[in-house]
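Right, one structure below, let's go through it.
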Amino acid sequence: SFPGGKREASDSDAVATALRETREELGLELGEGSVWGMLRSLPDRQGMLVVPVVANLGPLENLKLSPNPEEVAETFTLPLAHLLREENQGYTHFRTGGRYGYTLPVFLHGPHRVWGLTAIITELTLELLAPERY
């Protein structure tokens, strides 16, 4: 999943929340200048709205992550090229009440399967970054 959490009283907006959570969870100090924008709000399984904030972290090889062990068990990245390969993309169909319920994206063949809200946010980001390929 991506860094995230509930807005605190000291957060001025969703961007401030995202930057604070990224600092607290991954040890990355990002400025507002690195933020590209926000995606549309999405409901999580508990019905709370999640506001994905997209930012440029710079070259991955230059990142020095300091994950908070109380919140982050492991970190990993997937190259854009991996996410754009059709063989790494799929969909999971869910049934509710014995009949078709809904379909969600899933990204395969990496160190972990990317699914749920993380896959939805990844899909929305790919639609923006590579509309001709995704």
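What you are looking at is a predicted structure, and each value in this text was computed from that prediction instead of being measured.
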* Determine whether Leu63 and Val72 fall in the same hydrophobic cluster, where Ile, Leu, Val, Met, Phe, Trp and Tyr are linked whenever their side-chain heavy atoms lie under 4.5 Å apart. => yes
* To do: Report yes or no: does Asn88 contribute a side-chain atom to a donor-acceptor pair with the main-chain N or O of His109 at less than 3.5 Å?
  => no
* To do: Under the side chain to side chain contact (heavy atoms under 4.5 Å, CB included) rule, what do Leu80 and Leu126 come out as? Steps first, then yes or no, please.
  => CA-CA 8 Å; Leu80 187 58; Leu126 291 174; 3.3 Å; yes
* For Phe76 and Pro111, which heavy atoms make the closest approach, and how far apart are they? -> CD1-CG, 3.5 Å
* Structure fact -> Scanning both residues in full, the closest heavy-atom pair of Leu39 with Val51 reads O-CG1, 4.4 Å
* Flag if over 12 foreign heavy atoms under 6.0 Å of CD, Glu70 -> no
* Which atom names give the shortest non-hydrogen contact between Val35 and Leu19, and what distance separates them? -> CG2-CD2, 4.0 Å
* Asked: Are Trp36 and Ile121 joined in one hydrophobic group, where the rule is that I, L, V, M, F, W and Y side chains link up if heavy atoms are under 4.5 Å apart?
  -> yes
* Asked: In the single-linkage hydrophobic clustering (I, L, V, M, F, W, Y; side-chain heavy atoms under 4.5 Å), do Phe2 and Val54 co-cluster?
  -> yes
* Asked: With a 4.5 Å heavy-atom cut-off, do Glu24 and Asn68 have their side chains touching?
  -> no
* Structure fact -> In terms of heavy-atom contacts, Gly110 and Leu78 come closest through CA-CD2, 3.9 Å
* To do: May I ask you to test the Tyr134-Leu129 pair for a side-chain heavy-atom distance under 4.5 Å?
  => no
* Structure fact -> Closest non-hydrogen contact found for Pro67 with Thr75 is CG-CG2, 3.9 Å
* **Hphob cluster co-occupancy, Leu57 + Val114, side-chain heavy atoms under 4.5 angstrom** => no
* Structure fact -> Smallest heavy-atom separation, Ser41 atom then Leu49 atom, equals CB-CD2, 4.2 Å
* To do: For atom CD of Glu8, decide whether the heavy atoms of other residues, nucleotides or ligands shown that lie under 6.0 angstrom number more than 12.
  => yes
* Asked: For the side chain of Gln89 and the backbone of Leu84, is there at least one donor-acceptor N/O pair under 3.5 Å apart?
  -> yes
* Asked: Under the 3.5 angstrom rule, does the side chain of Asp11 hit a backbone N or O of Asp13 as a donor-acceptor pair?
  -> no
* Asked: Is Leu65 reachable from Leu60 through a run of I, L, V, M, F, W or Y residues, each pair having side-chain heavy atoms under 4.5 Å apart?
  -> yes
* Classify the ring geometry between His93 and Tyr100 as parallel (under 30°), tilted (30 to 60°) or perpendicular (over 60°). => tilted
* In this structure, are over 12 heavy atoms from other groups packed under 6.0 Å from Glu32 atom CD? -> no
* Asked: Below 4.5 Å, heavy atoms only, C-beta onward: do Leu42 and Pro52 meet side chain to side chain?
  -> yes
* Between the main-chain N or O of Ser12 and the side-chain N or O of Arg7, is there a donor-acceptor pair closer than 3.5 Å? -> yes
